[in-house]
Protein chains: 2
Amino acid sequence: MSRLEKAIVSMVEVFEEYATKDDKNRQLSGTELAELMKKELASPEFHGKVEPAVLQEAMTNLDKNHDGEINFREFSMFLATLARGYYRARNKGKGNKGKPDKPE
Amino acid sequence: MSRLEKAIVSMVEVFEEYATKDDKNRQLSGTELAELMKKELASPEFHGKVEPAVLQEAMTNLDKNHDGEINFREFSMFLATLARGYYRARNKGKGNKGKPDKPE
């Protein structure tokens with residue numbers, strides 16, 4: 001598999017690993033999510049790139065249907081938001097080589 | 001960094017690598033996307049898991065603003081759709097240990 005395919009598989013595997021700790025295997029409970037965040041999204045290197053406001057935005061949008069549980073759709077959107085924050089931080093100030101920068 | 005953080009970084013790095021081949025560095029052109037798909041999303045192992053209909057859905061939704069270019073927001077949503085397809089294929093038929101399966 002390519003690195004991009006491996007990245008997608010990692011997203012799925014991490015979700016499955018934490019979601020199956022209680023008896024609802026297809027959702028992350030609040031506790032499972034907190035544990036995932038602590039173990040999987042806590043490195044200073046990563047946090048140095050993702051602004052707190054981005055993490056806050058991602059967390060706020062996380063439980064779209066407000067049932068206190070996070071299914072894989074919500075989790076995948078959460079990761080997409082974090083990825084955008086990471087991308088923006090890495091590309092701050094880099095325009096399009098003289099062309100107007102397309103809004104994100 | 002954790003495997004999840006590395007997965008997010010890979011998503012960003014792959015986009016940057018292909019988007020910077022022409023002079024619009026913050027978007028993927030059709031050609032750049034086609035090359036990315038051919039090199040990064042083509043393994044039989046991955047395609048064996050992601051149903052063609054999922055890939056079609058992801059491609060259809062890819063250029064949300066129909067400008068013929070893909071920015072990172074659109075790309076991150078595209079990957080989230082592929083990840084959901086991969087997750088569904090892996091968890092087909094696996095309920096929640098006796099509980100009604102929450103719709104995706």
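All chains are named by letter (A, B, ...) in the order of the sequence lines, taking the proteins before the strands, and each is independently numbered beginning at 1. In this text, all values refer to a predicted model and were calculated from it rather than measured experimentally.
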Region of B:Ala42 in contact with chain A, defined by heavy-atom distances below 4.5 Å: backbone

Contact class of B:Lys39 relative to chain A, heavy atoms under 4.5 angstrom: backbone

Sidechain N-carboxylate O distance under 4.0 Å for A:Glu13, B:Arg3: no

Greatest number of heavy atom pairs closer than 4.5 Å to chain B - which of A:Met77, A:Arg90, A:Lys49: A:Arg90

Closest approach of B:Asn91 to A:Arg26 (non-hydrogen atoms, all atoms of both residues): O-NH1, 3.5 Å

Residue pair B:Ser10 / A:Ala7: nearest heavy atoms and the distance that separates them: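 Reported closest heavy-atom pair: CB-CB, 4.0 Å.
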
Quick one, [X] and [Y] - any side-chain contact, counting heavy atoms below 4.5 Å?
X	Y	answer
A:Leu36	B:Leu4	yes
A:Met11	B:Met11	yes
A:Leu41	B:Ile8	yes

Neighbour count >12 (heavy atoms, 6.0 Å) for atom CD, B:Glu51: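 Counting neighbours around CD of B:Glu51, 12 or fewer heavy atoms of other residues, nucleotides or ligands fall under 6.0 Å, so no.
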
Reported CE-to-OG distance for the pair B:Met37 and A:Ser2, which is rounded to 0.5 angstrom: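 Spacing of CE (B:Met37) from OG (A:Ser2) equals 10.5 Å.
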
Point-to-point distance, once rounded to the nearest 0.5 Å, from CD of A:Glu5 to OH of B:Tyr86: 9.0 Å

Parallel, tilted or perpendicular, as decided by the 30° and 60° cut-offs, for the rings of B:Phe72 and A:Tyr87: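 Geometry flag for B:Phe72 against A:Tyr87: parallel rings.
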
